[in-house]
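Structure, as structure tokens:
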Amino acid sequence: MAQKPSIPKGTRDFLPVEMLNREYIFDTIKSIFRKYGFLPIETPAMENLSTLLGKYGEEGDKLLFKILNSGDFLAKADEKLLAEKNSIKITNQISEKGLRYDLTVPFARYVVQHRNDLVFPFKRYQIQPVWRADRPQKGRYREFFQCDVDVIGSNSLLNEFELIQIIDEVFNVLKINTVIKLNNRKILSGIAEIIGHADKIIDITVAIDKLDKIGLENVNKELLANGLPQEAINQLQPVIGLKGSNDEKITQLKKVLKDSEVGLKGIDEIETVLEYLKTSDVKAEIELDLTLARGLNYYTGAIIEVKAKDVQIGSICGGGRYDDLTGIFGLKDVSGVGVSFGADRIYDVLVQTNGFPETAMNSTQVFFVNFGKREELYCLSIIEKLRSRGVKTEIYPEPTKMKKQMNYANKKQIPFVVLAGENEIENQKVTLKNMETGEQKTIGVDELLNFDL
RNA sequence: GUGGAUGUAGCUCAGUUGGUUAGAGCACUGGAUUGUGGUUCCAGGGGUCGUGGGUUCAAGUCCCAUCUUCCACCCCA
């Protein structure tokens with residue numbers, strides 16, 4: 001008995017219809033990236049674990065897929081560690097490779113390794129799958145595609161602005177209503193500094209991030225539980241509950257952060273970006289959102305996140321600035337900024353909003369019924385001519401029953417069928433049938449070639 | 001990693017307080033129709049009831065374990 005086939009948890013197969021729709025998303029994104037001067041690169045699915053570990057925080061390390069070494073890996077492992085059953089320590093000995101967790105860290109590695117071959121500021125895009133050993137749920141997969149755009153080797157805030165323009169353009173073309181949320185890590189650092197707990201910055205941002213979900217009271221409870229004194233929590237209140245327009249928020253923040261150099265720098269950065277935006281025709285709603293922390297701990301400046309307004313699915317695009325990601329690989333003082341589009345979530349959004357254009361579906365335009373050897377030969381030269389004119393054409397590979405062939409054409413939603421049997425060959429003609437209306441007429445071969453399909 | 005729900009044909013699901021040979025729709029194959037699809041009618045193939053154990057005279061149905069999928073938490077695209 002054959003075993004039932006299946007695929008690993010959190011992974012998916014894609015049908016042709018789904019692939020056409022996915023490619024529509026990739027093509028849209030790609031063409032916009034190109035328009036802004038970004039060029040494609042690729043990196044391997046697996047990286048050395050030393051490249052990946054420690055870059056995504058403790059939580060991230062747990063979510064890395066690790067690849068067992070080849071050969072008799074256990075024979076080389078330390079007997080004592082094996083006996084201890086210490087999974088983390090033993091992993092170092094039996095696994096040296098892992099699947100990439102995102103595209104940003106491999107990109108940093110790539111930049112350091114190829115620094116002499118690249119033109120800086122280097123603008124690249126990269127569309128490849130990444131893997132996370134997370135528990136799958138709605139909009140969350142273990143294998144999914146990211147579409148990254150990054151500029152590395154430039155501190156200019158013009159880059160942040162251009163990325164927002166790209167985001168706006170992508171979602172306008174895809175017809176997805178979005179809110180683009182902005183924040184700046186320096187502002188968060190400033191806040192932590194002001195209340196005298198710069199070391200607690202991660203705890204503070206994680207807790208603030210939950211404001212919408214668990215409410216102010218629980219946020220404060222969590223902060224207290226994380227060892228933040230009541231006094232500092234009190235100081236935080238005006239920041240957590242910040243309201244109003246972006247300008248109003250900034251005015252208030254300036255007061256709170258007046259003694260923090262980093263904090264003011266962060267505000268200045270955000271003001272500059274907002275200024276650029278005011279002169280542009282970016283359509284999406286831009287919201288300064290201090291609760292936006294993002295887990296990745298390598299961000300140092302701008303933080304960007306995009307949410308779909310009409311569909312509840314988490315963020316569909318996110319990113320930020322990282323000042324020293326290449327530093328860990330030995331290249332100092334190279335700042336980069338980039339965002340990542342979550343193609344799979346964007347797909348899910350478009351499914352719900354019915355946002356795929358019909359043209360994404362188009363496949364074969366003309367189908368030739370196969371009547372047998374002699375008829376095949378007659379058709380093949382016509383097919384060649386049609387294809388050379390760019391018409392998507394196919395012939396059924398076997399002379400089976402007509403019902404079966406017509407059925408095939410019908411299921412593939414092919415709009416035109418050509419029938420060429422004995423009668424047609426004798427008169428050097430073909431019969432062209434419109435599958436939608438059912439009409440058919442016998443015409444000359446030249447007329448078919450020039451037919452407006 | 002924690003908690004909850006779920007699993008019956010390729011797909012969507014029905015299956016009574018445990019009781020004979022587990023059903024339907026869609027899909028598939030053949031026929032009505034040997035050069036005409038999408039409609040209709042007829043016939044047919046397809047099931048270790050997720051997997052492994054247990055209770056029972058008897059388990060798709062009850063119990064335990066395990067896996068899958070989904071949902072929430074953690075975290076995130």
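A quick note: this is a predicted structure, and the numbers were derived from the prediction, not measured. In what follows, chains carry the letters A, B, and so on, assigned in the order in which the sequence lines appear, proteins first and then strands, with residues in each chain numbered from 1.
- Between A:Arg109 and A:Glu47 a salt bridge is recorded (basic side-chain N to carboxylate O distance below 4.0 Å).
- Taking a pair as Watson-Crick or G-U wobble with both distances under 3.5 Å, RNA chain B forms stems of 3 or more consecutive pairs at B:1-5 with B:69-73, B:10-13 with B:23-26, B:28-32 with B:40-44, B:50-54 with B:62-66.
- Contact of A:Asn410 with B:G37 (side chain to base): a donor-acceptor pair of N or O atoms is detected under 3.5 Å.
- Within the 4.0 angstrom heavy-atom criterion, base atoms lie near A:Leu419.
- The nearest pair of heavy atoms linking A:Pro106 to A:Thr43 is CB-OG1, 3.9 Å.
- Look at A:Glu447 and A:Lys429 and you find no salt bridge, because none of the NZ, NE, NH1 or NH2 atoms lies under 4.0 Å from a carboxylate O.
- Checking B:G35, B:C28, B:A77 against the side-chain heavy atoms of A:Met402 singles out B:G35 as nearest.
- You cannot call A:Phe341 stacked on the base of B:A77; the centres under 5.5 Å and planes under 30° rule is not satisfied.
- Within 4.0 Å (heavy atoms only), A:Gly372 reaches no atom of the nucleic acid at all.
- Here A:Tyr101 and A:Phe65 keep their ring centres 6.0 angstrom or further from each other.
- Using a 4.0 Å cut-off between charged side-chain N and carboxylate O, A:Glu96 and A:Lys66 make no salt bridge.
- Residue contacts shown for A:Glu424 include a base, since a base heavy atom lies under 4.0 Å away.
- For B:U68, one of the phosphate oxygens OP1 or OP2 lies less than 4.0 angstrom from a side-chain nitrogen or oxygen of A:Lys9.
- Contact of A:Arg135 with B:U2 (side chain to base): a donor-acceptor pair of N or O atoms is detected under 3.5 Å.
- A:Arg185 places no side-chain N or O within 3.5 Å of a backbone atom of A:Ile303 that could act as its donor or acceptor partner.
- Using a 4.0 Å heavy-atom distance criterion, A:Gly60 is classed as making no nucleic acid contact.
- The pair A:Arg124-A:Glu42 does not count as a salt bridge, with every side-chain nitrogen at least 4.0 angstrom from each carboxylate oxygen.
- Aromatic ring centres of A:Tyr125 and A:Phe38: separated by at least 6.0 Å.
- A:Tyr141 comes within contact range of at least one nucleobase, with a heavy-atom separation under 4.0 Å.
- Contact annotation for A:Gln137: base contact, defined as any heavy-atom pair under 4.0 Å involving a base atom.
- Taking 3.5 Å as the limit, the base of B:G37 and the side chain of A:Gln413 contain no donor-acceptor pair of atoms between them.
- Of the candidate nucleotides B:A72, B:C75, B:U36, B:C75 has the atom nearest to the side chain of A:Asp134.
- In this structure, A:Lys412 does not reach the B:G37 phosphate: none of its side-chain N or O atoms is under 4.0 Å from OP1 or OP2.
- Here the two rings, on A:Phe341 and A:Phe26, have centers that are 6.0 Å apart or farther.
- Taking side-chain N and O atoms only, A:Lys62 has no distance below 4.0 Å to OP1 or OP2 of B:C76.
- Comparing the C1' positions of B:G46 and B:G52 gives a spacing of 26 Å, expressed to the nearest Å.
- Note on A:Gln440: every side-chain N or O is 4.0 Å or more away from OP1 and OP2 of B:U36.
- Checking B:G35, B:C70, B:C76 against every side-chain atom of A:Pro136, the shortest atom distance belongs to B:C70.
- Contact of A:Lys403 with B:U36 (side chain to base): no donor-acceptor pair of N or O atoms is detected under 3.5 Å.
- Of the C1' atoms belonging to B:U39 and B:A32, the separation is 14 Å, rounded to the nearest Å.
- For the segment residues 40-53 of chain A, the set of residues with a heavy atom within less than 4.0 Å of an atom of RNA chain B is empty.
- Among the protein residues, A:Asn407 comes within range of the sugar-phosphate backbone only, with heavy atoms under 4.0 Å from sugar or phosphate atoms but none that close to a base.
- Screening A:Val418, A:Val417, A:Ile395, A:Thr400 for a side chain to side chain contact (heavy atoms under 4.5 Å, CB included) involving A:Val369 leaves a single residue, A:Val417.
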